Protein chains: 2
Amino acid sequence: MVSRADAVREKLEELIIEGAFASGERLDETTLSKKFNVSRTPLREAFQALAASGLLDLQTRRGAFVRHPAFDEVIEMFEVMAEMEAFCGKLAARRITQNTLHALSETVVLCEAAVESDDINGYYNANETFHFLIYEASGNAFLSKEARKLHRQLKPFRRMQLKVRGRLNQSLAEHRMVLDALVAGDSDSAADILRDHVAIQGTKFNDLIVSYRRASQKAATA
Amino acid sequence: MVSRADAVREKLEELIIEGAFASGERLDETTLSKKFNVSRTPLREAFQALAASGLLDLQTRRGAFVRHPAFDEVIEMFEVMAEMEAFCGKLAARRITQNTLHALSETVVLCEAAVESDDINGYYNANETFHFLIYEASGNAFLSKEARKLHRQLKPFRRMQLKVRGRLNQSLAEHRMVLDALVAGDSDSAADILRDHVAIQGTKFNDLIVSYRRASQKAATA
DNA sequence: AAACCAATCCTTGCATACAAGACGCTTGAC
DNA sequence: GTCAAGCGTCTTGTATGCAAGGATTGGTTT
């Protein structure tokens with residue numbers, strides 16, 4: 001059975017990640033409890049959980065505020081994610097099984113198909129599976145869990161930069177290289193490729209922000 | 001102002017880490033709420049928070065169970081911690097300030113004094129400061145926060161292995177080497193030394209567990 | 001004697017009522 | 001006209017009551 005608090009958390013999480021709320025917006029308990037048809041108690045439990053994963057900022061006696069990570073923080077998170085993936089890759093190169101290798105190569109095929117048909121969502125999903133498989137293959141359940149958590153937190157920002165022209169093809173090529181390194185059992189190379197593969201996402205994201213800021217500055221001075 | 005829920009969380013956390021409850025023990029809401037003189041509501045909020053940090057296992061309609069990480073999981077956590085520290089060290093070697101370097105060398109002096117007087121607690125505290133300073137010096141606030149979190153989770157297990165004979169001196173020597181590498185700005189070397197410094201803690205912990213198990217097995221067959 | 005089923009009790013999940021703090025608005029004074 | 005203080009309202013924090021889902025125990029059957 002799934003508790004109402006859990007259901008509410010899930011729904012709210014989706015809304016926040018989708019960007020349904022402005023950053024810094026205060027979430028009113030009464031309003032939301034009406035919207036979800038639950039009392040304030042399970043809603044508050046959901047708030048707690050969301051605060052734990054960093055999506056809300058709970059201030060005593062003041063309320064729950066939506067917390068889209070600041071851009072600087074996202075850059076930092078990509079920096080950590082890169083290193084984490086590298087470590088996963090390093091371990092995975094030594095510990096991965098034939099079965100998982102097979103599953104991995106299948107996700108690469110899916111990615112190829114998605115690139116063919118310019119299906120960003122399709123690519124996005126296959127990409128996620130690809131990375132999760134590697135986390136799992138690290139053979140370190142704790143690491144895998146943490147990596148998934150961080151991956152999830154970066155979800156909306158990864159999505160943004162996937163839309164940059166040409167990135168899909170490049171990303172796919174990187175996936176192929178990772179797969180090759182894992183097949184070869186070359187842990188250093190797997191680590192390095194994965195590190196760059198993720199780091200470049202942070203860089204692309206940064207580029208995006210800079211261009212955004214330039215645009216808004218121009219608009220302001222015009 | 002600090003809410004009662006926060007106060008309860010803090011107190012409970014302390015109790016769990018201290019080992020006041022058996023692993024897997026179920027925490028009764030009514031009993032505990034009486035003990036802390038609060039209602040079940042803030043207590044339940046505290047449960048949520050503790051579950052988020054991994055100290056409790058909340059099962060729907062069944063209750064809250066104390067969750068001391070399994071030994072295997074602790075080993076995994078040390079593995080991740082080692083890599084995280086290595087990354088902190090790598091960044092810190094490039095970004096550390098004179099002030100922080102100075103503060104670091106002071107903690108080394110404190111560690112020396114603690115070793116002299118065989119003061120495990122003193123060493124323990126100075127050791128913590130040493131590591132936290134390095135996290136901070138990474139210049140990546142997100143990384144620093146995550147590293148502190150993991151460090152905290154490993155607290156009780158680190159403490160255990162510090163009691164092994166000769167470990168204090170060895171640890172101190174490693175601290176000196178880390179400091180040297182940071183002063184020299186040698187990021188690779190700082191990373192490697194820190195990785196080993198932490199990994200060895202996991203190894204020592206593992207040794208401890210193995211010897212425990214042997215002992216209890218002997219006792220059982222005797 | 002053991003196993004299974006049922007009924008009761010106990011515990012959690014949720015709703016609601018109440019208390020207390022924060023924010024805003026109004027009013028008065030300088 | 002502006003600033004500050006006080007009061008009122010609104011929102012969060014906490015307590016408690018009620019409902020629903022497990023667990024346990026006792027009885028019955030094989």
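Because the structure is a prediction, the values reported are computed rather than measured.
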I need the [atom1]-[atom2] distance between [X] and [N], as an integer number of Å.
X	N	atom1	atom2	answer
Arg9(A)	dG13(C)	CZ	C1'	16 Å
Arg61(A)	dG21(C)	CZ	P	6 Å
Arg26(A)	dA22(C)	CZ	P	14 Å
Asp6(A)	dT12(C)	CG	P	16 Å
Arg4(A)	dA20(D)	CZ	P	9 Å
Arg40(B)	dT11(C)	CZ	C1'	8 Å
Phe65(B)	dG22(D)	CZ	P	13 Å
Leu58(A)	dT14(D)	CG	C1'	16 Å

- Task: Ignoring backbone atoms, test whether Ser39(B) places a side-chain nitrogen or oxygen under 4.0 Å from the OP1 or OP2 oxygen of dT14(D).
- Result: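 So the side chain of Ser39(B) is outside the cut-off, no N or O lying under 4.0 Å from OP1 or OP2 of dT14(D).
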- Message: So Leu27(B), base contact, sugar-phosphate only, or nothing? Heavy-atom distance under 4.0 Å.
- Response: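 Since only primed, P, OP1 and OP2 atoms lie under 4.0 Å of Leu27(B), the category is sugar-phosphate.
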- Query: How would you label the contact of Arg62(A) with the nucleic acid (heavy atoms, under 4.0 Å): base, sugar-phosphate, or nothing?
  - Reply: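 It contacts sugar-phosphate atoms only.
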- Of Glu136(B), His197(B), His151(B), which meets side chain to side chain donor-acceptor pair (under 3.5 Å) against His131(B)?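 The residue from Glu136(B), His197(B), His151(B) that satisfies side chain to side chain donor-acceptor pair (under 3.5 Å) with His131(B) turns out to be His197(B).
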Do [X] and [Y] have side-chain heavy atoms sitting under 4.5 Å apart?
X	Y	answer
Leu172(A)	Tyr123(A)	yes
Pro69(B)	Phe142(A)	no
Lys90(A)	Glu83(B)	yes

- Query: Quick one: does NZ or CZ of Arg148(B) land under 6.0 Å from the six-membered ring centre of Tyr135(B), within 45 degrees of the ring axis?
  - Reply: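 No, Arg148(B) and Tyr135(B) do not form such a contact.
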- Interface residues of residues 41-53 of chain B with DNA chain D (non-hydrogen, below 4.0 angstrom):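 Residues of residues 41-53 of chain B that come under 4.0 Å of DNA chain D are, in numerical order, Thr41(B), Pro42(B).
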- Identify whether the distance between the nearest side-chain nitrogen and carboxylate oxygen of Glu45(B) and Arg40(B) falls below 4.0 Å.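 No.
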- Message: side-chain contact (heavy atoms from CB on, under 4.5 Å), that's the test. Do Ile134(B) and Val178(B) meet it? Break it down for me.
- Response: CA-CA 10 Å; Ile134(B) 293 178; Val178(B) 171; 3.8 Å; yes
